[in-house]
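Report on the following structure.
Letters A, B, ... mirror the listed sequences (proteins, then strands); counts begin at 1.
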Protein chains: 2
Amino acid sequence: MVMPERKVPLPTVQRLSVYRKVLEELHRDGVEFVYSQQLADLAGVTSAQLRRDLASFGSFGNIARGYNVYQLSRTMARLLGTDRVQSVALIGVGDLGRAMLSYRGFEERGFHIAVAFDLDAEKVGRVYAGRRCHAMTDLETVVKEFSVKIAILACGPQRLQVTVDRLASAGVKLFLNFVPKRVVTPPDGWVEEIDIAARLERLSFFGQAGVQE
Amino acid sequence: MVMPERKVPLPTVQRLSVYRKVLEELHRDGVEFVYSQQLADLAGVTSAQLRRDLASFGSFGNIARGYNVYQLSRTMARLLGTDRVQSVALIGVGDLGRAMLSYRGFEERGFHIAVAFDLDAEKVGRVYAGRRCHAMTDLETVVKEFSVKIAILACGPQRLQVTVDRLASAGVKLFLNFVPKRVVTPPDGWVEEIDIAARLERLSFFGQAGVQE
DNA sequence: CCCTGTGAACCCCTTCACAGCT
DNA sequence: AGCTGTGAAGGGGTTCACAGGG
């Protein structure tokens with residue numbers, strides 16, 4: 001067991017997902033070994049970058065044959081924690097929330113949305129894509145019951161911070177936040193922000209600024 | 001008119017959206033002036049960061065009273081290009097695509113999804129949330145008809161690159177890509193990637209690595 | 001005094017280039 | 001010969017700290 005105590009650059013973690021995805025495709029195609037140059041091309045980075053990234057984890061590639069595709073893929077899944085199924089809670093069963101429930105790509109990477117929650121009494125008790133919608137009142141109990149470790153925030157901005165804090169004290173420390181409102185990260189927690197409109201604004205900015213390759 | 005020819009750091013653009021959002025709230029609350037320290041706190045950055053960011057655009061704050069909230073908000077909207085309505089095309093009317101069609105926050109920031117497209121013959125001709133779904137065959141003509149400048153990619157991975165290239169030659173150079181597949185950016189184009197599953201993987205990574213504040 | 005704007009230091013990530021191994 | 005892993009250099013963004021102005 002490698003306790004990775006030396007800290008890993010954030011951009012490196014981001015690229016890990018890309019590498020793993022490419023490696024999976026290579027594995028499906030029956031490729032056994034790749035050189036850093038090939039893998040880097042497929043992932044859209046430089047070979048130096050790739051080797052440096054892998055070195056963050058002390059991984060070893062075979063000098064003569066490059067990297068063992070399957071082995072490296074497994075290693076990355078283990079590093080990312082996607083080598084096992086993790087329970088996820090969905091907060092907010094609006095349009096975006098329902099899209100998350102039916103999103104392929106979650107299950108196949110080991111993320112299982114086990115439960116959903118909503119403020120709307122209309123929705124509570126109903127079943128969406130096989131997952132029951134619970135009342136916000138039952139947040140703590142249900143979340144513990146299903147051993148939830150990750151929450152997807154797709155609700156309205158009202159009482160968002162309160163919900164996050166409640167989840168955090170119930171043991172949920174990881175958040176994927178689609179709500180365009182600043183959330184104070186709980187101690188020991190981690191929040192990934194996805195502000196879709198902000199991304200469009202960035203596009204808009206570069207669109208009128210003229211583009212530098 | 002300040003033609004911002006000096007290049008702006010990418011992270012700065014990202015933070016611009018946050019500043020503008022905070023400024024809007026302040027404006028709604030009737031606040032006229034803010035100091036960099038206050039605005040920075042609300043946006044979750046340091047005051048030095050904020051002042052440096054603003055300096056990228058050569059903006060001036062009043063030394064005695066800080067920044068004029070409304071004026072700065074307007075300036076930022078102009079910089080981002082959100083001071084006018086922009087037509088957006090949606091590619092793929094699946095669950096995620098339909099969520100995009102009903103997403104508030106787009107319209108209020110000047111982004112109007114004017115048209116949708118789908119491969120599925122079932123969906124072509126139907127109207128979703130007020131927007132008609134067109135056949136992929138009509139991509140070029142419809143896109144030009146509606147003066148579309150931005151495309152949201154929420155379709156399957158098949159033929160994604162082809163679609164991007166077709167859009168690019170039809171004048172659509174800006175892409176918000178939800179499809180977890182690498183897209184080669186067309187010349188003069190810009191692609192914002194949103195890989196939701198990859199973000200969950202990042203969460204998972206930090207969750208098991210232990211968290212460093 | 002206390003604010004903004006900014007040179008300069010600092011830090012972290014990327015890129016270069018090569019030693020070492022096969 | 002050719003590839004990996006890695007010191008060392010390079011570059012870009014953040015933070016420090018202060019000059020300058022009301």
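- Under a 4.0 Å N-O distance rule, the pair A:Glu108/A:Arg104 does not qualify as a salt bridge.
- Between the P atom of C:dC1 and the OH atom of B:Tyr35 lies a distance of 16 Å, rounded to the nearest Å.
- Look at CZ on A:Phe57: it is 14 Å from P on D:dG5, rounded to the nearest Å.
- The B:Tyr67 side chain lies nearest to C:dG5 when the options are D:dT4, C:dG5, C:dC13.
- A salt bridge links A:Arg15 to A:Asp53: one of the charged nitrogens lies within less than 4.0 Å of a carboxylate oxygen.
- Per the geometry, CD1 belonging to A:Ile63 stands 6 Å off P belonging to C:dT22, to the nearest Å.
- Rounded to an integer number of Å, the gap from CD of A:Gln37 to C1' of D:dC3 is 11 Å.
- Using a 4.0 Å cut-off, some side-chain N or O of A:Arg15 falls inside it from OP1 or OP2 of C:dT14.
- Here A:Arg52 lies in heavy-atom contact (under 4.0 Å) with a base.
- Per the geometry, CG belonging to A:Asp53 stands 14 Å off P belonging to D:dT4, to the nearest Å.
- In this structure, B:Glu24 pairs ionically with B:Arg20, as a charged nitrogen and a carboxylate oxygen lie closer than 4.0 Å.
- The distance between atom CG of B:Leu10 and atom P of D:dG11, rounded to the nearest whole Å, is 19 Å.
- Here A:Gln49 reaches the OP1 or OP2 of C:dT15: one of its side-chain N or O atoms lies under 4.0 Å away.
- Remark: P of C:dT14 and CD of A:Gln14 are 10 Å apart, rounded to the nearest angstrom.
- Here the nucleotide nearest the side chain of A:Arg51, chosen from C:dC13, C:dT22, C:dA17, is C:dA17.
- Minimum atom distance to the side chain of A:Pro11 is reached by C:dT14, of the listed D:dC3, C:dT14, C:dC3.
- Taking 4.0 Å as the cut-off between side-chain N and carboxylate O, A:Arg65 and A:Glu32 do not count as a salt-bridged pair.
- Counting to the nearest Å, the P atom of D:dT14 and the CG atom of B:Leu54 are 13 Å from each other.
- Of the candidates C:dT22, D:dT6, D:dC16, D:dC16 carries the atom nearest the B:Ala48 side chain, counting heavy atoms from C-beta on.
- Counting only N and O atoms by type, the side chains of A:His112 and A:Glu107 include a donor and acceptor under 3.5 Å apart.
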